[in-house]
Amino acid sequence: KRLNDKFPFSGVFRMKLDGKDDMKLFAHIPATPDGPWSKQGGSNYGTTGPVHGLAVDLKGNVYITDREKNRVVVFDEAGKEIGEIAVKNPDVVAIHPKTGEIYVIRRFCNGWGTHNMAIDKFKNFEKGAAAVASFAKFHNRNDPKLVVTVSGDKTVLWLAGAPLADNPAGGLVALEDKGAEFQPMPLKYGPRAEAQADFARIATDPLREEVYVSNGHNLIYRYNGDTGEGGLIKKDGKPFNAPDLSVGYDGLLYVRSGESYSGPLERLTRDLAPVPFPATGSNKLYDIY
C-alpha cells in the first residue's frame with residue numbers, strides 16, 4: 001500500500017536533476033488498493049496502482065492518468081489541480097509539442113494478459129472536452145508505449161508494444177494524425193510483414209526436416225530445419241490460430257486450435273485438412289484450456 005509516509009500509494013513524485021534534490025511528492029491521486037482500477041476490465045496485469053501514464057506540456061502542466069476516477073487529471077507546475085478529461089481506463093498520455101493536443105490510450109482488461117485498447121485525441125482539457133479523433137484497430141495482446149513527433153505539418157504517433165489487429169506479429173507502429181482520424185503508415189524499415197517476433201512452444205516433424213514454433217499467443221510458424229525458410233502457417237489465406245501443436249510419428253499434426261486460450265484438440269494433415277478419428281468420425285476431441 002505504501003513504502004512509507006514519504007511515498008504514499010498512487011502518488012506522483014518530482015525531483016530536480018541537479019544532484020542536490022530529494023524526491024518529493026508532487027501530487028497524490030486519491031485511490032485505494034482495491035478500488036475500481038483493480039477490478040476486471042480496469043486492471044492491467046502486472047501493475048500495482050491506478051497511475052500508469054504521465055506527460056508534461058510546454059507550459060509545465062502535468063497530465064496524469066487516473067484510472068481510479070476514469071480521467072486524465074491536469075496539474076500546473078506548482079502542483080495545483082487545474083482541469084481534467086473524462087476518459088474510461090486511461091493508461092498512457094502524450095502531448096503534442098506544438099498544439100498542446102492531448103493523446104490518451106484507453107486500455108480495458110478482457111482476460112489474462114489481453115487488453116482492448118484505443119487512442120483518443122482531445123483538443124484541450126476544458127470542461128466537457130470530447131475526443132475529436134479515435135483509433136482502435138489494435139491487437140488484444142499489447143503493452144503500449146507512445147511518443148509523438150512533428151515534422152512540418154505532419155504529426156506521427158509512434159507506438160511500441162501495440163501491434164495492429166491485422167498484423168499481430170508486428171513491432172513498431174506509426175499512426176499519422178490526419179486531424180479527424182489516424183492513418184497507419186507503412187514503415188520503410190523494421191520487421192518484415194508476418195515475421196515472428198516471439199518464440200515459445202516448439203515441435204519437430206520426425207519425418208521431415210521441419211520445425212514448428214508458436215509465438216506464445218495463438219499463431220504457429222513452420223520452418224525448414226536445414227535452410228530456415230518458412231513462416232506463418234495459414235489456412236484459406238488467413239493466419240491459422242493455434243497456441244500449441246505436436247507432430248506424431250504418423251506425420252499428422254495434433255493441434256490445440258482456436259483464437260482464444262480455450263479450443264478443441266484436433267488432428268490435421270500437414271496442409272491443415274481434417275483427419276477423423278475412426279472411433280468418433282470427427283477430427284476434433286474435447287475443448288481444453
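The basis for the numbers below is simple: all heavy atoms, side chains too, and nothing from hydrogens, waters or symmetry mates.
For the residue pair Val275 and Leu268, the shortest heavy atom distance occurs at CG2-C, 4.0 Å. When all heavy atoms of Glu101 and Lys121 are compared, the closest pair comes out as OE2-NZ, 3.9 Å. Taking both residues in full, the closest heavy atoms of Ala174 and Leu187 are given as CB-CD2, 3.8 Å, listed atom of the first, atom of the second, then distance. The shortest non-hydrogen separation linking Glu77 to Asn61 is N-OD1, 4.5 Å. In terms of heavy-atom proximity, Glu68 sits nearest to Pro30 at CG-O, 3.6 Å. Heavy atoms only, all atoms of each residue included: Pro90 and Thr65 are closest at O-CB, 3.7 Å.
Each of Val156, Val148, Ile119, Thr155 was checked for a side-chain contact (heavy atoms from CB on, under 4.5 Å) with Asp177, and the lone residue meeting it is Thr155. When each of Ile233, Ile220, Leu232 is tested with Pro239 by the rule side-chain contact (heavy atoms from CB on, under 4.5 Å), just one qualifies, namely Leu232.
Ring-plane geometry between Phe26 and Phe75 is classed as perpendicular, the angle between the planes exceeding 60 degrees on a 0 to 90 degree scale with a lower cut at 30.
A donor-acceptor pair under 3.5 Å is formed between the side chain of His28 and the backbone N or O of Phe9. Checking side-chain atoms of Arg107 against main-chain N and O of Pro144 turns up no donor-acceptor pair under 3.5 Å. Asp143 contributes no side-chain N or O that, together with a main-chain N or O of Gly161, makes up a donor-acceptor pair within less than 3.5 Å. Between the Thr114 side chain and the Asn140 main chain, no donor and acceptor come within less than 3.5 Å of each other. Here the side chain of Asp57 pairs a donor or acceptor atom with the backbone of Lys59 at under 3.5 angstrom.
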*asked:* Using the rule given for side-chain contact (heavy atoms from CB on, under 4.5 Å), can you reason through Val255 versus Phe240, listing the C-alpha separation, both sets of side-chain angles and the distance that settles it, and then say yes or no?
replied: CA-CA 11 Å; Val255 183; Phe240 177 67; 3.8 Å; yes

_Residue pair Asp91, Met117: steps toward the side-chain contact (heavy atoms from CB on, under 4.5 Å) verdict_ = CA-CA 9 Å; Asp91 192 63; Met117 65 169 280; over 6 Å; no

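Under the rule for a salt bridge (charged side-chain N to carboxylate O under 4.0 Å, His left out), the partners of Lys178 that lie at least two apart in sequence or sit in another chain are Glu176.
Linking ILVMFWY residues whenever their side-chain heavy atoms come closer than 4.5 Å, directly or via other members, leaves Ile95 and Leu159 in distinct clusters.
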Got a list of side-chain donor-acceptor pairs under 3.5 Å for residues 125-139, not counting sequence neighbours?
from	atom 1	to	atom 2	distance (Å)
Ser134	OG	Asp120	OD1	2.6
His139	ND1	Arg141	N	3.1

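Residue pairs that meet the side chain to side chain donor-acceptor pair (under 3.5 Å) test with at least one member in residues 272-284, sequence neighbours left out, are Glu266-Asn283.
Using a cutoff of 4.0 Å between basic side-chain nitrogens and carboxylate oxygens, Glu81 and Lys69 are not scored as salt-bridged.
Surrounding CG of Asp153 are at most 12 heavy atoms belonging to other residues, nucleotides or ligands under 6.0 Å away.
Taking OG from Ser257 and CG from Asp287, the interatomic distance works out to 8.5 Å, rounded to the nearest 0.5 Å.
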